[in-house]
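Step one of this worksheet: look at the structure below.
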Amino acid sequence: MVLVPAETPPEVKKSWMSRLKAGLSKTSTNLTTLFVGAKIDDELYEELESALLMADAGVEATEQLLNSLKRRVKEQKLTEAAQVKSALRSLMIELLTPLQKPLVLGREQPLVMMIAGVNGAGKTTTIGKLANHLQAHRQSVLLAAGDTFRAAAREQLVAWGERNNVTVISQESGDPAAVAFDAVNSAKARKTNVVMVDTAGRLPTQLHLMDELKKIQRVIGKAMPLAPHEILLVIDGNTGQNALAQVKAFDDALGLTGLVITKLDGTAKGGVLAAIAKIRPVPVYFIGIGEKIEDLQPFNAEEFVDALLS
Ligand SMILES: Nc1nc2c(ncn2[C@@H]2O[C@H](COP(=O)(O)OP(=O)(O)OP(=O)(O)O)[C@@H](O)[C@H]2O)c(=O)[nH]1
Ligand SMILES: [Mg+2]
């Protein structure tokens, strides 16, 4: 069983798309106005290069897109700026499509997911939204409050648990690895489908905290061999080029299986997905487009590019 975006009612989807478009509107204005009434010349390519770099697409992805675009314009003998824009659309979809991968459910019981990321990226909120999403797909859910540093963090997860009517395993002042261990064992006993382990925010440069994450991962494996099955990194979509550094660092430490990009409803630039696709293509399972429980949507490359280029 997989998570299928097709089950989303059309009116909900429309509001998602408009929020995503609004969030990415600055980038999309930069990327689209340069084509208006333009001639296909060096100036057009230079403006496009600047717009892509400003959108945080990074040097490598920008270069690849420009080179492929020039080649395509030549091969297909394109003469109108609008045709070039549409060729860019196809190339961007090609670049981002490898990131589009569904989260496959039901392959383990319980399916154990560990959620990591820097401070304030949206980990706990994403877990709350995901709990709702998974329940809509008839999965029972258990949450582990692995952010044991702050009482407020625990309470925040408990509140999401109450909103979703889901049990939260927590300890007053426990070791996060022990909380995760208990949660997995409890899910095994209760035959729960999915366990999500929340973790405290940390910078990849805080080596002792990265070691702590590795310990949580290792200890989960003691409760259930081959778990955690999913290791998700949550990234704030407004982070810019540093998002790529985060993906690399957390992937090197933990072996990421997926990403969630949050806050794309804000003032995110969006281009960083191109940089991720080019340099470290970890699948993007979901994007966050708001603070509410329903504001999570599976990543779709074509929809995303259309939000960027329309
Ligand atoms: N607009 C918007 N806000 C979001 C989104 N996701 C999360 N937030 C907000 O971002 C803030 C931080 O979210 P948290 O879920 O607490 O982030 P966290 O990664 O758990 O933070 P720490 O545990 O402190 O590291 C909260 O105010 C959330 O409501 C989103 O997709 N859009
Ligand atoms: Mg949190």
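Since the structure is predicted, the reported quantities are computational estimates derived from the model, not experimental observations. Start at 1 and go down the list; that is how both ligands and their atoms are numbered. These numbers come from the heavy atoms of this one structure, side chains and all, not from hydrogens, waters or symmetry mates.
Interface atoms of ligand 1 facing Gly288, defined by a heavy-atom separation under 4.0 Å, are 31 (O). Atoms of ligand 1 lying under 4.0 Å from at least one heavy atom of Ile289, given by number and element, are 31 (O). Under a 4.0 Å criterion applied to the non-hydrogen atoms of Gly201, ligand 1 contributes the atoms 25 (O). For ligand 1 and Gln156, the ligand atoms under 4.0 Å from any heavy atom of the residue are 14 (P), 15 (O), 16 (O). Interface of Asp147 with ligand 1, defined as ligand atoms under 4.0 Å from a residue heavy atom, comprises 23 (O). Interface of Asn119 with ligand 1, defined as ligand atoms under 4.0 Å from a residue heavy atom, comprises 25 (O). Within the listing of ligand 1, atoms 1 (N), 2 (C), 3 (N), 4 (C), 9 (C), 27 (O), 28 (C), 29 (O) sit less than 4.0 angstrom from a heavy atom of Glu291.
Counting heavy atoms closer than 4.0 Å to ligand 1, residue Arg19 contributes nothing at all. Residue-level proximity to ligand 1 for Arg202 is absent, since no heavy atom of it falls below 4.0 angstrom.
Of all protein heavy atoms, the one closest to atom 23 (O) of ligand 1 is Arg150 NH2, 3.4 Å. Counting only heavy atoms of the protein, atom 12 (C) of ligand 1 lies nearest to Gly120 O, 3.7 Å. The closest protein non-hydrogen atom to atom 17 (O) of ligand 1 is Gly122 N, 3.0 Å. Regarding atom 1 (N) of ligand 1, its nearest protein heavy-atom neighbour is Asp265 OD2, 2.8 Å. Regarding atom 31 (O) of ligand 1, its nearest protein heavy-atom neighbour is Lys263 N, 3.0 Å. Looking only at protein heavy atoms, the nearest one to atom 30 (C) of ligand 1 is Gly290 O, 3.1 Å.
Close placement of the Phe304 and Phe299 rings is indicated, their centers lying within 6.0 Å of each other.
Partner Glu94 forms a salt bridge (charged side-chain N to carboxylate O under 4.0 Å, His left out) with one of Lys278, Arg89, Arg72 and no other, that one being Arg72.
Between Ala200 and ligand 1, not a single N/O pair is under 3.5 Å apart. Annotation: Lys123 places an N or O atom under 3.5 Å from an N or O atom of ligand 1; distance criterion only. Residue Thr125 has at least one N or O atom closer than 3.5 Å to an N or O atom of ligand 1. Remark: ligand 1 and Thr199 share no N or O pair separated by less than 3.5 Å (distance only, no angle test). Checking only distances, Thr126 never comes within under 3.5 Å of ligand 1, N or O to N or O.
Taken to the nearest 0.5 Å, the CG atom of Leu96 stands 12.5 Å off from the CD atom of Glu303.
Inspection of the Asn67 and Glu63 side chains reveals no N or O donor paired with an N or O acceptor under 3.5 Å. Donor-acceptor pairing under 3.5 Å is lacking for the side chains of Thr62 and Glu49. A side-chain donor-acceptor contact under 3.5 Å links Thr124 and Asp198. Counted by atom type alone, Asn165 and Gln135 present zero donor-acceptor pairs between their side chains at under 3.5 Å.
The distance from the Mg ion (ligand 2) to the nearest N/O/S atom of Thr199 is not under 2.8 Å.
Put simply, the side chain of Leu142 reaches to within 4.5 Å of the side chain of Ile169, judged on heavy atoms.
Between Asp295 and Lys263 no salt bridge is recorded (no basic side-chain N to carboxylate O distance below 4.0 Å). With salt bridges taken as basic N to acidic carboxylate O contacts below 4.0 Å, one links Asp211 and Lys214. The existence of a salt bridge linking Glu291 and Lys129 is excluded, since no basic side-chain nitrogen approaches an acidic carboxylate oxygen closer than 4.0 Å.
Residue Ala121 places a heavy atom less than 4.0 Å from ligand 1.
A cation-pi geometry, defined here as NZ or CZ lying under 6.0 Å from the six-membered ring centre and within 45° of its normal, does not hold between Lys222 and Phe181.
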Practice task
Show the numbers, then the answer: is there a side-chain hydrogen bond (donor to acceptor under 3.5 Å, both in side chains) between Ser140 and Asn193?
Solution key: CA-CA 5 Å; Ser140 53; Asn193 298 125; 3.1 Å; yes

